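Note on naming: letters A, B, ... go to the chains in the order of the sequence lines (proteins, then strands), and numbering restarts at 1 for each one. Keep in mind that what you see is a predicted model, and the values were worked out from it rather than measured.
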Amino acid sequence: SAVISQKPSRDICQRGTSLTIQCQVDSQVTMMFWYRQQPGQSLTLIATANQGSEATYESGFVIDKFPISRPNLTFSTLTVSNMSPEDSSIYLCSVLPGLEQFFGPGTRLTVL
Amino acid sequence: GENVEQHPSTLSVQEGDSAVIKCTYSDSASNYFPWYKQELGKRPQLIIDIRSNVGEKKDQRIAVTLNKTAKHFSLHITETQPEDSAVYFCAASKGGADGLTFGKGTHLIIQP
């Protein structure tokens with residue numbers, strides 16, 4: 001498995017602003033993913049972040065809204081840009097250290 | 001892309017009885033099927049998974065079965081206990097670098 005931490009754990013933001021979420025892993029991993037979980041809903045994949053290459057976004061998610069950085073094999077950031085109340089969700093990073101995918105604790109974002 | 005359907009959305013069983021949650025998937029290229037348990041306010045936790053070269057896998061009170069021909073897989077929990085109460089998510093992926101496509105989740109309630 002892997003020990004995954006995220007910062008911040010929660011935040012309340014004003015509409016129109018941006019928030020950057022950090023994900024740190026205790027071991028080097030090639031594959032990192034970012035998911036969104038809207039209130040009371042399932043998880044939806046936003047993008048796949050590989051070190052040394054551009055993130056790959058899923059349908060419905062664009063780089064201008066959710067820019068991602070992956071500077072090394074233990075760290076990634078997701079920025080939620082120009083936020084609106086519809087962006088209120090839990091954002092989770094996950095990693096694939098071997099054959100199984102593990103999740104970070106999530107960042108609970110509320111946009112007013 | 002992949003579509004994962006999960007049923008039922010809510011399942012209430014008496015403590016000690018068995019619970020079964022079913023999922024279907026659409027993409028025949030999917031070959032990895034994990035199940036996650038999510039308690040309120042917590043991150044999803046991997047409880048069991050199965051790959052397409054296996055028909056069944058068991059871990060103590062939890063088992064997963066896979067029917068590749070019919071494109072469905074199921075989670076079986078026997079001798080349910082109060083601590084089994086949670087939301088359970090099935091997921092599917094093509095493995096490797098692919099992220100997970102989740103079902104909508106099943107809220108499992110264990111009645112004392």
Straight-line distance of B/Asn67 CG to B/Ser52 OG, nearest 0.5 Å: 12.5 Å

B/Leu46 versus chain A, the contacting section by heavy-atom distance below 4.5 Å: side chain

Engaged part of B/Gln45 at the chain A interface, taking heavy atoms whose separation is under 4.5 Å: neither

When B/Pro34, B/Pro44, B/Gly1 are compared by non-hydrogen pairs under 4.5 Å with chain A, the top option: B/Pro44

Non-hydrogen side-chain atoms of B/Tyr36 and A/Gln101 separated by less than 4.5 Å: yes

Presence of salt bridge, A/Arg15 and A/Asp87, under 4.0 angstrom: no

Interchain contact, A/Glu58 with chain B, by part (heavy-atom threshold 4.5 Å): neither

A/Leu92 portion near chain B, given a 4.5 angstrom heavy-atom threshold: side chain

Partner residues of B/Ser26 under the side chain to side chain contact (heavy atoms under 4.5 Å, CB included) criterion, sequence neighbours left out: B/Glu2, B/Asn3

Stepwise side chain to side chain donor-acceptor pair (under 3.5 Å) test for B/Ser18 and B/Thr78: CA-CA 4 Å; B/Ser18 296; B/Thr78 58; 5.5 Å; no

Winner by heavy-atom pair count (cut-off under 4.5 Å) against chain B, out of A/Gly104, A/Ser59, A/Ser94: A/Gly104

